[in-house]
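Protein chains get the first letters and strands the later ones, always in sequence-line order, with residue 1 at the start of each.
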Protein chains: 2
Amino acid sequence: MDQSVMEHESTIKEISECMPNEEILYDLAELFRVFGDSTRIKIMYTLFESELCVNDIAEVLDMTQSAVSHQLRVLKANKLVKFRRDGKSIIYSLDDDHVRSILALGMEHVEE
Amino acid sequence: MDQSVMEHESTIKEISECMPNEEILYDLAELFRVFGDSTRIKIMYTLFESELCVNDIAEVLDMTQSAVSHQLRVLKANKLVKFRRDGKSIIYSLDDDHVRSILALGMEHVEE
DNA sequence: ACAACATATGAATAGTTGTTCATGTGTTTA
DNA sequence: TAAACACATGAACAACTATTCATATGTTGT
């Protein structure tokens, strides 16, 4: 095995060592997959400035209550939104500023 | 229509006005959808520190050349990677620092 | 306790997507 | 120029996902 092949092999090895482990990579992909649907993005944008109940989100986006609820479930499971009960309604809001940051960064890339 | 209903209506309207238009939202979702697959994320991570040709990516990730090429096509179409020819090989690299920023932000959220 | 309201959820379906296999295109070398 | 190499691409299939419809759960006011 000559020098250049050995260097090649060690480069390959180095890259593999820098790679985050499978589980983290899968979680990361799942996080982005949640952002990868325009209706979920719309829902997050409705919550950008103020919290809202499910019916209001459905009204703003002209969607069925069921569809919104299903998507909120996904957002909830990935800790992108949080919620609290207020009487009969359940009020949703963005979980933290990470969500806003990620949306903003994505927007920067898209608007170039 | 009483006062509270009017306020409700105007809130709904305000939110709709802040919402980015359909096309932008769709592009944004598409961008994140590209990040939403673990093999594409792996490919981007192999390119995090240094540029690589298709075969090397395939070798590092233990994937077929075809599968890698198909995914590079998606990354290319969304301007997440760029490429240049070098002899028989085509060398891929991350397109800009946006890619690194987005991956890093996502990682922050996941590692909490 | 009961009716009305707000939300969640399960099942089914239609549409989307990642991989594989086979083959095509483009480049180098003998 | 023919063979070998590196990569791209089209078709097909299996796996996944978002929405709809029907219904269940939980809360309020009477």
Side-chain angles (χ1 to χ4, degrees), chain A residues 4-5 8 12 22 25-47 51-78 80-93, chain B residues 4-5 8 12 22 25-47 51-78 80-93:
Chain A
S4 67
V5 172
H8 182 259
I12 299 284
E22 280 287 336
L25 287 171
Y26 192 84
D27 290 347
L28 188 55
E30 193 178 0
L31 173 68
F32 286 124
R33 192 159 47 240
V34 177
F35 281 86
D37 177 81
S38 61
T39 66
R40 279 193 293 267
I41 290 204
K42 283 182 199 170
I43 291 176
M44 289 189 271
Y45 265 109
T46 64
L47 302 175
E51 53 182 18
L52 285 176
C53 70
V54 181
N55 266 332
D56 284 352
I57 297 172
E59 189 180 339
V60 172
L61 300 182
D62 192 29
M63 294 175 62
T64 67
Q65 172 269 318
S66 180
V68 171
S69 188
H70 275 295
Q71 296 305 343
L72 283 170
R73 191 173 197 270
V74 176
L75 293 169
K76 211 178 350 180
N78 286 273
L80 302 181
V81 300
K82 59 189 176 188
F83 61 99
R84 63 184 170 83
R85 183 174 277 281
D86 176 25
K88 281 180 287 191
S89 298
I90 296 190
I91 315 287
Y92 281 85
S93 55
Chain B
S4 66
V5 171
H8 182 259
I12 298 285
E22 281 288 335
L25 287 171
Y26 192 84
D27 289 348
L28 189 54
E30 193 177 1
L31 174 69
F32 286 125
R33 191 159 48 241
V34 177
F35 280 86
D37 176 80
S38 60
T39 63
R40 279 192 293 265
I41 291 204
K42 284 182 199 170
I43 290 176
M44 289 188 272
Y45 266 109
T46 63
L47 301 175
E51 55 182 18
L52 285 176
C53 69
V54 180
N55 266 333
D56 283 353
I57 297 172
E59 188 180 341
V60 172
L61 300 181
D62 192 29
M63 294 175 61
T64 65
Q65 172 268 317
S66 179
V68 171
S69 188
H70 275 296
Q71 297 305 344
L72 283 171
R73 191 173 197 269
V74 176
L75 293 169
K76 213 179 344 182
N78 286 275
L80 302 181
V81 299
K82 60 188 176 188
F83 61 99
R84 64 184 169 83
R85 182 175 278 280
D86 176 26
K88 280 180 286 190
S89 298
I90 295 189
I91 315 286
Y92 281 85
S93 55

Between [X] and [Y], which heavy-atom pair has the shortest distance, and what is it?
X       : Y       : answer
A:Thr46 : A:Leu52 : O-CD1, 3.8 Å
B:Leu25 : A:Ile41 : CD2-CG2, 3.7 Å
B:Arg40 : B:Val34 : NE-O, 2.7 Å
A:Leu47 : A:Tyr92 : CD2-O, 3.4 Å

- Message: Which residues in residues 80-92 of chain B have a heavy atom closer than 4.0 Å to any atom of DNA chain D?
- Response: B:Lys88, B:Ser89, B:Ile90, B:Tyr92
- For the helix from C:dA1-D:dT30 to C:dA30-D:dT1, how many degrees between its two end axes (five pairs per end), to the nearest 10°? 30°
Do [X] side-chain and [N] base share a donor-acceptor contact under 3.5 Å?
X       : N      : result
B:Ser66 : D:dC7  : no
A:Gln71 : D:dA18 : no
B:Thr64 : C:dT19 : no
B:Gln65 : D:dA6  : no
A:His70 : C:dT7  : no

- OP1 or OP2 of D:dT17 under 4.0 Å from side-chain N/O of A:Arg40: no
- Query: Side-chain N or O of A:Arg33 less than 4.0 angstrom from OP1 or OP2 on D:dT17?
  - Reply: yes
- Find the distance A:Asp62:CG to D:dT20:P and express it as a whole number of Å. 10 Å
- Taking NZ from B:Lys42 and C1' from C:dT19, how many angstroms apart are they, rounded to a whole number? 13 Å
Go through [options] for me and flag the one nearest to the [X] side chain.
X       : options               : value
A:Val54 : D:dT19, C:dA8, C:dA6  : C:dA8
A:Ser69 : C:dG18, C:dT7, D:dG10 : C:dT7
A:Arg73 : C:dT19, C:dT9, D:dC7  : C:dT9
B:Asp37 : C:dA8, C:dG18, D:dC21 : C:dG18

- Message: Any salt bridge linking A:Lys82 with A:Glu51? Criterion: basic side-chain nitrogen under 4.0 Å from a carboxylate oxygen.
- Response: no
- Item | Stepwise side-chain contact (heavy atoms from CB on, under 4.5 Å) test for A:Asn55 and A:Val68 | CA-CA 9 Å; A:Asn55 266 332; A:Val68 171; over 6 Å; no
